[in-house]
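Please read the structure below before turning to the comments.
Just so we're on the same page: letters track the sequence lines, and every chain starts at 1.
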2 protein chains.
Amino acid sequence: MTSSVSPDPSPGGTRWLDAEEQRAWRAYLFSSLLLQDRLDRELTHQTGISHAYYEILVALSETPGRMMRMSELADRCLSSRSRLSHAVSRLEERGWVRRQVCAEDGRGQLAVLTDEGFAALDAAAHVHVESVRTHLFDQLSPEQVAAIRDVGETLLRHLDPR
Amino acid sequence: MTSSVSPDPSPGGTRWLDAEEQRAWRAYLFSSLLLQDRLDRELTHQTGISHAYYEILVALSETPGRMMRMSELADRCLSSRSRLSHAVSRLEERGWVRRQVCAEDGRGQLAVLTDEGFAALDAAAHVHVESVRTHLFDQLSPEQVAAIRDVGETLLRHLDPR
DNA sequence: GCGGAATAGTCAAGCCTTCAACTACGCTCT
DNA sequence: AGAGCGTAGTTGAAGGCTTGACTATTCCGC
């Protein structure tokens with residue numbers, strides 16, 4: 001990984017990255033970090049909604065009845081249950097989401113998007129989509145867009161096989 | 001961005017993503033989030049060093065004298081100055097880094113990697129490289145690796161023009 | 001030299017995330 | 001029915017990150 005930490009040529013040892021691989025890895029890592037950071041900042045500063053909260057609102061908005069079980073929502077948002085529970089509590093304080101006990105399963109809770117929440121999402125979506133276009137799609141050729149989709153789906157099959 | 005938030009067909013309005021673009025964006029976003037999460041967890045659990053701290057140690061190890069100005073280190077690690085200052089304080093407590101006043105600029109501080117820090121990095125590097133290989137390079141064809149490098153460098157030129 | 005602006009870094013408050021309990025409910029076997 | 005176990009979700013404490021204010025030092029034009 002580093003040039004100072006010496007490679008181990010012994011068979012069975014660590015499979016170090018060569019110079020080309022390091023370049024690819026760093027370009028990929030740094031660019032994705034910077035992109036996420038930029039998108040999150042623009043969204044947060046212009047709308048007061050972090051990307052994490054935005055993802056929760058989007059997930060709810062796409063569902064029939066605009067409601068979803070807490071666990072399902074956590075999975076959808078790549079979030080732990082605890083994290084989601086805290087986040088929903090904050091969104092509840094803003095009046096954008098409310099909790100509702102689940103009829104079929106007494107253990108369960110449903111997170112429900114309110115009309116105020118939907119309106120907030122609607123406003124934020126304009127800002128966010130414009131950011132994604134400016135910093136991602138406007139920068140890439142159609143071939144590059146196809147490539148990130150291909151690589152993304154390949155990695156998802158490995159990292160998150162459903 | 002969402003199918004529920006209705007597209008705006010008016011000229012000059014928000015340039016919404018079509019279905020294909022959404023697919024590409026989500027695959028890219030979720031895969032990069034999951035990959036970072038996985039790598040960070042494996043590194044943290046197996047070595048006690050988070051990826052953020054690892055990057056700091058790597059940056060220092062690659063420099064002549066294994067030392068770097070705080071600001072330069074912050075830039076290199078995509079970190080704010082405040083965050084880096086906190087992180088270096090923690091690394092100091094572990095005995096892996098020490099601070100040293102900068103000779104040329106009385107305002108400045110140098111972060112210096114200690115021998116203990118180098119040893120810790122050396123151990124962590126094996127774990128981390130193996131993770132990167134398992135979850136990234138082993139999953140991708142040479143063409144896909146070339147693609148992530150190409151896209152990464154393209155985005156870096158836009159997001160971080162030096 | 002000296003006053004003002006810029007730069008380097010630290011610090012404190014507040015929010016977010018994680019981890020490890022903990023409560024409550026449902027399912028199954030007897 | 002009820003014991004035992006697994007699942008759903010919440011909570012609180014601990015620690016990390018961000019923001020903005022603050023100190024100290026250097027640079028620059030007069």
Side-chain angles (χ1 to χ4, degrees), chain A residues 33-34 36-57 59-60 67-94 96-112, chain B residues 33-34 36-46 48-57 60 67-94 96-112:
Chain A
L33 287 173
L34 281 170
Q36 285 162 212
D37 188 60
R38 183 71 78 84
L39 296 177
D40 190 36
R41 277 174 201 279
E42 290 186 356
L43 188 60
T44 302
H45 285 153
Q46 294 177 41
T47 71
I49 305 176
S50 70
H51 194 259
Y53 288 11
Y54 180 82
E55 281 294 333
I56 294 173
L57 300 179
L60 291 176
M67 59 182 59
M68 200 184 277
R69 287 289 292 272
M70 293 295 283
S71 306
E72 200 186 341
L73 190 52
D75 289 346
R76 191 33 250 276
C77 298
L78 307 181
S79 179
S80 70
R81 312 216 158 167
S82 175
R83 181 187 178 197
L84 182 78
S85 183
H86 285 294
V88 166
S89 298
R90 312 274 146 59
L91 292 172
E92 242 180 334
E93 289 166 11
R94 296 194 193 186
W96 292 349
V97 170
R98 63 186 164 74
R99 276 179 232 248
Q100 182 178 303
V101 292
C102 179
E104 300 105 47
D105 187 339
R107 295 168 299 183
Q109 292 274 107
L110 290 164
V112 187
Chain B
L33 287 174
L34 281 170
Q36 286 162 211
D37 189 60
R38 183 71 79 84
L39 296 177
D40 190 35
R41 276 174 203 281
E42 290 186 356
L43 187 60
T44 302
H45 286 152
Q46 294 177 42
I49 305 177
S50 71
H51 194 258
Y53 288 10
Y54 180 81
E55 280 295 333
I56 294 172
L57 299 180
L60 290 176
M67 57 182 63
M68 199 182 280
R69 288 290 291 271
M70 294 293 283
S71 307
E72 199 186 340
L73 189 52
D75 289 347
R76 189 38 248 275
C77 297
L78 307 181
S79 179
S80 69
R81 315 223 157 159
S82 176
R83 182 187 179 195
L84 182 78
S85 183
H86 285 295
V88 166
S89 298
R90 310 259 158 60
L91 292 173
E92 245 182 331
E93 289 166 11
R94 297 194 192 186
W96 292 350
V97 170
R98 62 186 165 76
R99 278 178 231 248
Q100 181 178 304
V101 292
C102 179
E104 301 104 48
D105 187 339
R107 295 169 301 182
Q109 293 272 107
L110 289 165
V112 187

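- The side chain of B:R69 lies closest to C:dA8 when the candidates are C:dA8, D:dT19, D:dC17.
- Between the CE atom of B:M68 and the CZ atom of B:R76 there is a distance of 6.0 Å, given to the nearest 0.5 Å.
- Rounded to a whole Å, the NE2 atom of B:H51 is 18 Å from the P atom of D:dG16.
- Following rounding to the nearest Å, B:L84 (CG) and D:dT19 (P) show an atom-to-atom distance of 16 Å.
- Ranking C:dT18, C:dG9, D:dT26 by closeness to the B:R99 side chain, first place goes to C:dG9.
- Closest to the side chain of B:R107, out of C:dT10, D:dT25, C:dG9, is D:dT25.
- Looking at which nucleotide of DNA chain C each of A:S50 and A:E104 is closest to, the 5′-most match is held by A:S50.
- Counting distance only, with no hydrogens placed and no angle test, the side-chain atoms of A:H86 and the base atoms of D:dG12 include a donor-acceptor pair under 3.5 Å.
- The nearest whole Å value for the distance from the CZ atom in B:R83 to the P atom in D:dG15 is 18 Å.
- A:D37 has its CG atom 16 Å from the P atom of C:dC16, to the nearest Å.
- On a pure distance criterion of 3.5 Å, a polar donor-acceptor pair joins the side chain of B:S82 and the base of D:dT19.
- Taking only side-chain atoms of B:H45, from C-beta outward, the nucleotide of D:dT25, C:dC16, C:dC19 with the closest atom is C:dC19.
- If you find the closest nucleotide of DNA chain C to A:D105 and to B:Q109, the one lying nearer the 5' end belongs to B:Q109.
- Look at CG on A:D75: it is 10 Å from P on D:dA8, rounded to the nearest Å.
- Considering only side-chain atoms of A:Y53, the nucleotide from D:dT10, D:dT26, C:dC16 that sits closest is C:dC16.
- Computed from coordinates, the B:R41 CZ to C:dC19 C1' distance equals 11 Å when rounded to whole Å.
- The CG-P distance, from A:D40 to D:dC17, rounds to 15 Å in whole Å.
- Between A:R81 and D:dT10 there is no side-chain N or O to OP1 or OP2 distance below 4.0 Å.
- Listed for the A:S85 side chain is no donor-acceptor partner under 3.5 Å among the backbone atoms of A:R81.
- The distance from atom CG of A:L78 to atom P of C:dT17 is 13 Å, rounded to the nearest whole Å.
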